[in-house]
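Read through the structure below, which is laid out as C-alpha cells, and then see the notes.
Side-chain atoms are counted along with the backbone in the values below, which use heavy atoms only and exclude waters and symmetry mates. One is the number of the first residue; the rest follow in order along the sequence.
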Amino acid sequence: MASTKDIDSICNDSFVHNHNKTLCLQTLTAYPPAVSATNMVNLVKVTVDLVRTQAKKRAGFVAGLEKEPTFNKTMCYESYISIVDNFRSAQLEIEDNDAQTASYDIMVSFDQTKIVKDQVGKNTDKASKRLMEMTLVMEDFIAIAVGAINRI
C-alpha cells in the first residue's frame, strides 16, 4: 500500500504547495485507490485518473446547463474535454515510462482552464460563479497531478 510518506511527497511538491496542499492531502488520503496504491508509480496513475474524472465532472456540469449561460458554453465544454483528453494521453505516457511528455500534457491543461476563466470573466450569474469556482479548484487538481508526475 502507498504510504502516507508517498502521499506527503506528492502534496509537498513545490508546485502543489503553491496551489492547495490541504486539498491534496484531504483528497488523496480520503481516496481509497490512492491509499491502496502499491507503490509511487501506481499512486501517480491513480492521481492522474482522479484528476481526469474531476475534469469529466466539470464538462458534465457545463453540458448540463439548461438555459444558455452568459459565457460561451461550447468553448468551456470543449476546454474541459481537452483536459480530459490531455489526462488520458498522460495516462498512456505514464504506462510507456514517458513522464516528461505526460508532465507536458498535464501542464497544458492550465491553458484550458485559462480559456474557461476568460469566458466566464466577472459574470455574476449563478452558473458563471459556480463554473469559476469549479475551474479554480480544477487548477488545484491539475497542480496535484503535476506534483504526482514530478515524483516519477
Problem set entry | Any K57 side-chain heavy atom under 4.5 Å of M134 side chain | no
Exercise. Atom OG in S89, atom CZ in R52: separation rounded to 0.5 Å?
Worked result: 10.5 Å
For this session: Mark yes when over 12 heavy atoms from residues, nucleotides or ligands other than Y104 sit less than 6.0 Å from its OH; otherwise mark no.
Result: no
Exercise. Any side-chain heavy atom of E93 within less than 4.5 Å of one from S103?
Worked result: no
Exercise. Do the side chains of F15 and M107 get nearer than 4.5 Å, heavy atoms only?
Worked result: yes
Exercise. Atom CD1 of I106 and atom CD1 of I94: how far apart are they, to the nearest 0.5 Å?
Worked result: 5.5 Å
Problem set entry | Side chains of I142 and F87 in contact at under 4.5 Å (non-hydrogen atoms) | yes
For this session: Report whether L65 and V84 are members of the same hydrophobic cluster (ILVMFWY, side-chain heavy atoms less than 4.5 Å apart, transitive linking).
Result: no
For this session: Mind checking the CD1-CG spacing from I144 to L28? Nearest 0.5 Å is all I need.
Result: 6.0 Å
Problem set entry | For the student: nearest non-hydrogen atoms of V62 and K73, plus distance | O-CE, 3.0 Å
Problem set entry | Fellow cluster residues of M75, listed by chain then number, with links counted only when side-chain atoms sit under 4.5 Å apart | I115
For this session: Taking atom types as modelled, find out whether D8 and T4 have a side-chain donor-acceptor pair closer than 3.5 angstrom.
Result: no
Seminar exercise, completed: To the nearest 0.5 Å, atom CG of D125 lies from atom OG1 of T70 at 3.5 Å
Exercise. For the residue pair D98 and T101, what are the closest heavy atoms and their distance?
Worked result: OD2-OG1, 2.8 Å
Problem set entry | Within-4.5 Å side-chain heavy-atom neighbours: I10 and I7 | no
Exercise. Within a strict 4.5 Å, meaning less than it, do heavy atoms of the V137 and R58 side chains meet?
Worked result: yes
For this session: Flag the pair K114 and D118 as a salt bridge only when some basic side-chain nitrogen lies within less than 4.0 angstrom of an acidic carboxylate oxygen.
Result: yes
Exercise. Testing N18, D13, N12, N20 for side chain to side chain contact (heavy atoms under 4.5 Å, CB included) with V16, which one passes?
Worked result: D13
Problem set entry | Y77, OH: over 12 other non-hydrogen atoms inside 6.0 angstrom | no
For this session: Kindly give the heavy-atom pair with the smallest separation between K129 and N123, and that separation in Å.
Result: CG-O, 4.3 Å
Problem set entry | Closest non-hydrogen atom pair between A30 and P32, with its separation | O-CD, 3.2 Å
Problem set entry | Spacing of I81 atom CD1 and C76 atom SG [to the nearest 0.5 Å] | 12.5 Å
For this session: Using the disulfide bond (SG atoms under 2.5 Å apart) rule, collect all pairs that involve residues 10-40, keeping only residues at least two apart or in two chains.
Result: C11-C24
Exercise. Heavy-atom distance under 4.5 Å between the side chains of E139 and K117, does that happen here?
Worked result: yes
Exercise. Under a single-linkage definition using a 4.5 Å side-chain heavy-atom cutoff for Ile, Leu, Val, Met, Phe, Trp and Tyr, are V108 and I83 assigned to the same hydrophobic cluster?
Worked result: no
Exercise. Which heavy-atom pair separates G121 from M132 by the least distance, and what is that distance?
Worked result: O-CE, 3.4 Å
For this session: Give the minimum heavy-atom separation between A148 and T47, together with the two atoms involved.
Result: CB-CG2, 3.9 Å
Exercise. Same hydrophobic cluster for F61 and L136, using side-chain heavy-atom links shorter than 4.5 Å among ILVMFWY?
Worked result: yes
For this session: State whether the side chain of S128 and the backbone N or O of T124 hold a donor-acceptor pair below 3.5 Å, judged by distance alone.
Result: no
Exercise. Salt bridge or not for D85 and R88, using N-O below 4.0 Å?
Worked result: yes
Exercise. How long is the gap from CG on D111 to OG on S82, to the nearest 0.5 Å?
Worked result: 10.0 Å
Exercise. Does some side-chain heavy atom of M138 sit less than 4.5 Å from a side-chain heavy atom of Y80?
Worked result: yes
